[in-house]
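Have a look at the structure below, then the notes.
Each chain gets a letter, A, B and so on, in the order its sequence line appears, and its residues count up from 1.
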Number of protein chains: 2
Amino acid sequence: MPFGDTFKALSDPARRQILELLKKGPLSAGDIGSHFDMTGATISYHLKVLKQADLVFERREKNYIYYQLNASVLEEIMLWVSGLKGGGTDAEGK
Amino acid sequence: MPFGDTFKALSDPARRQILELLKKGPLSAGDIGSHFDMTGATISYHLKVLKQADLVFERREKNYIYYQLNASVLEEIMLWVSGLKGGGTDAEGK
DNA sequence: ACGGTATTTAGAAAAATATCAAAATAGCTC
DNA sequence: GAGCTATTTTGATATTTTTCTAAATACCGT
């Protein structure tokens, strides 16, 4: 939650790729895993990190767990980064 | 450079705080260090990570090395995050 | 309830990261 | 050049992260 967790979650390539996959729509853990050369356990771990960072949420349906992107937290990241860009006291240099 | 390095660099709280300090203007390594409870060596390490991620650059002057924010890379981060948000069911490929 | 599939949890090992103290480098000023 | 001050590099250690295998849990259909 502390927002630092979000950057931490985004710092791993696999997790970023998972988010990109999810961009197209919800996927089950298994489907996500099929895109990677990792065991299901590892995928599950990454999913947990993403979940804890509030970047995704899950929806249980039938025998599957579908993961879905949670766009709301991305807004905070945008704000922080944008704040860094805009915050110069005087110099522009662009 | 590979852009994944940028997220990696941003994933550490101390490094993010350094960037926030730099937002107000250039600072020497020593000045930066005075805001933290870490040795100069550790600050130097973080500065190196930031530098390698192109998030800051240095300017040598007199006996000091001044560190300065490099806004250009932040743009890429914004784009990536924003792409994640905007990507509905049929977002553009990449 | 049983057998099967999907996913997670536990425990351990490997790899990467953060940190420090001590030594090295760089660039003053005299 | 000698002596300072600022910063980095080196080498070591502690912590954190990633990953695996094996075992556990969850949920479905019959």
Side-chain angles (χ1 to χ4, degrees), chain A residues 1-22 25-70 73 77, chain B residues 1-22 24-70 77:
Chain A
M1 203 135 207
F3 165 76
D5 288 356
T6 313
F7 275 115
K8 208 72 181 171
L10 289 173
S11 74
D12 186 272
R15 288 193 291 262
R16 285 197 303 276
Q17 211 179 324
I18 289 177
L19 293 179
E20 304 218 39
L21 286 173
L22 257 28
L27 287 175
S28 72
D31 280 343
I32 293 169
S34 74
H35 287 82
F36 295 87
D37 191 19
M38 297 167 173
T39 65
T42 298
I43 296 294
S44 185
Y45 160 74
H46 284 306
L47 253 11
K48 185 170 71 176
V49 174
L50 288 172
K51 210 165 24 177
Q52 279 167 348
D54 264 336
L55 282 164
V56 306
F57 58 91
E58 61 182 35
R59 197 187 77 233
R60 282 156 191 277
E61 184 173 327
K62 281 193 59 182
N63 205 4
Y64 301 83
I65 303 180
Y66 287 96
Y67 281 90
Q68 203 163 331
L69 229 130
N70 181 18
V73 184
I77 296 289
Chain B
M1 202 133 213
F3 166 75
D5 287 357
T6 312
F7 275 115
K8 208 72 181 174
L10 289 173
S11 73
D12 186 272
R15 287 193 291 262
R16 286 197 303 276
Q17 211 178 326
I18 289 177
L19 293 180
E20 304 218 41
L21 286 174
L22 258 27
K24 306 200 182 71
L27 286 175
S28 72
D31 281 343
I32 293 170
S34 74
H35 286 82
F36 295 88
D37 191 19
M38 295 166 173
T39 66
T42 298
I43 296 294
S44 185
Y45 160 74
H46 284 307
L47 252 12
K48 185 170 73 176
V49 173
L50 252 16
K51 209 164 28 177
Q52 278 167 348
D54 264 338
L55 281 164
V56 305
F57 57 92
E58 63 182 34
R59 196 187 78 234
R60 281 156 192 276
E61 184 174 328
K62 281 192 58 181
N63 204 4
Y64 300 83
I65 302 180
Y66 287 96
Y67 281 89
Q68 203 163 331
L69 213 92
N70 181 18
I77 297 289

Hey, could you give me the [atom1]/[atom2] distance between [X] and [Y], rounded to the nearest 0.5 Å?
| X | Y | atom1 | atom2 | value |
| --- | --- | --- | --- | --- |
| B/Phe36 | B/Ile43 | CZ | CD1 | 5.5 Å |
| A/Thr6 | A/Leu55 | OG1 | CG | 5.5 Å |
| B/Leu22 | B/Leu27 | CG | CG | 5.5 Å |

In whole Å, what is the span from the [atom1] atom of [X] to the [atom2] atom of [N]?
| X | N | atom1 | atom2 | result |
| --- | --- | --- | --- | --- |
| A/Arg60 | C/dT7 | CZ | P | 10 Å |
| A/Met38 | C/dT8 | CE | C1' | 17 Å |
| A/Ile43 | C/dT7 | CD1 | P | 11 Å |
| B/Glu58 | C/dT25 | CD | P | 18 Å |
| A/Leu50 | C/dT8 | CG | P | 12 Å |
| B/Asp37 | C/dT19 | CG | P | 10 Å |
| B/Ile18 | C/dA18 | CD1 | P | 11 Å |

Flag for B/Tyr66-B/Glu61: side-chain donor and acceptor within less than 3.5 Å: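 Side chains of B/Glu61 and B/Tyr66: no pair found under 3.5 Å.
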
Could you please name the option among C/dG27, C/dT29, C/dC20 that lies closest to any side-chain atom of B/Thr42?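 Closest of the options to the side chain of B/Thr42: C/dC20.
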
Of all nucleotides in DNA chain D with an atom under 4.0 Å from a non-hydrogen atom of chain B, which is the first and which the last going 5' to 3'?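 Nucleotide range with atoms under 4.0 Å of chain B: D/dT5 to D/dT9.
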
Of the non-hydrogen atoms in B/Arg16 and A/Gly4, which two are nearest, and what is the gap between them? NH2-CA, 3.2 Å

For a quick check of understanding: with a heavy-atom distance under 4.0 Å over all strands, which category does [X] fall into, base, sugar-phosphate or nothing?
| X | value |
| --- | --- |
| A/Ala29 | sugar-phosphate |
| B/Tyr67 | sugar-phosphate |
| A/Gly30 | sugar-phosphate |

Heavy-atom nearest nucleotide on DNA chain D for A/Glu61 versus A/Ala14: which residue maps closer to 5'?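 Of the two residues, A/Ala14 wins.
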
Between B/Asn63 and B/Lys51, name the one whose nearest nucleotide on DNA chain D is closer to the 5' end. B/Asn63

Any B/Thr39 side-chain N or O less than 4.0 Å from OP1/OP2 of C/dA21: no

Distance below 4.0 Å between B/Arg15 side-chain N/O and C/dA18 OP1 or OP2: yes

Can any side-chain N or O of A/Arg15 pair as donor or acceptor with the backbone N or O of A/Leu10 at less than 3.5 Å? no

side-chain contact (heavy atoms from CB on, under 4.5 Å) partner of B/Val56, chosen from B/Val49, B/Leu19, B/Ile18, B/Asn70: B/Leu19

